[in-house]
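Predicted model only: the values in this text are computed from it and were never measured. First listed ligand is number 1; within each ligand, the first listed atom is number 1.
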Amino acid sequence: MPEFKNLVFDLDGTLYPLSSGLGEDCQCRVYDFFCRKLNISREEAQDISKRLLQKYPYESQGVEKELGISEEEFMEYICRTDVSPLQENKELSTALAKLPQRKFIFTDSTVSHSLDVLNKIGIRADVFEKIYDAKQGGYVYKQGVEAFKKFCEFCKIYPEESLMFEDSCKSLSLAKEAGFKTVQISENGQTCTAADYAFADINQAVRVLDL
Ligand SMILES: [Mg+2]
């Protein structure tokens, strides 16, 4: 693998496997949020959620526009998922501490969720120069190439000198369009066309860098 100055990691589904079930907990927290905040039933909360998802690419964008609830409040609540199912990953912790490149997290979730995850999987947060979340990105999310360009400007890195680790095909293709080399983490073994490299999990991916 050629040399890169910067390693940029997505969080969910990349630094830990999606099969751990955290995504399902997040969906429950969306319904909980609407029930509590709007004092409505679970069925009504599910209807609101469905309606917002039909109208907006990201539910949180509709929350502010349609319900007058701040996107930050919504995101902080729904991303505070129970991280207890996650396993400690000593191999990753050792490898990341050893790798000389600058390391970043680029996530559509929140810094607090990222810190919860890192703490549970046993990785020191200070291994990363920056944890860049949706809030810092102005809640633009990884919907377009602009989000990746904005991230690079914010962190003062050049995409051409950077490797992006991601599990989402859409994000991988946007990262590639922005100029990154891409590493796909694919639990099910299916690879995206935008992936320059693909591995079943993050440990295998990082092992290749650590040669
Ligand atoms: Mg992901």
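SG atoms of C192 and C169 are separated by less than 2.5 angstrom, consistent with a disulfide link.
The ring-ring contact (aromatic ring centres under 6.0 Å, His included) test with Y132 singles out one residue from F151, F148, F9, Y141, and that residue is F151.
Checked against the Mg ion (ligand 1), the N, O or S atom of D10 at the shortest distance is OD2. Summary: OD1 is the N/O/S atom of D167 found nearest to the Mg ion (ligand 1).
The main-chain N or O of K142 is found under 3.5 Å from a side-chain atom of D108 such that the two form a donor-acceptor pair.
Taking 4.0 Å as the cut-off between side-chain N and carboxylate O, E91 and R207 count as a salt-bridged pair.
Residue side and main chain included, D12 places an N/O/S atom under 2.8 Å of the Mg ion (ligand 1).
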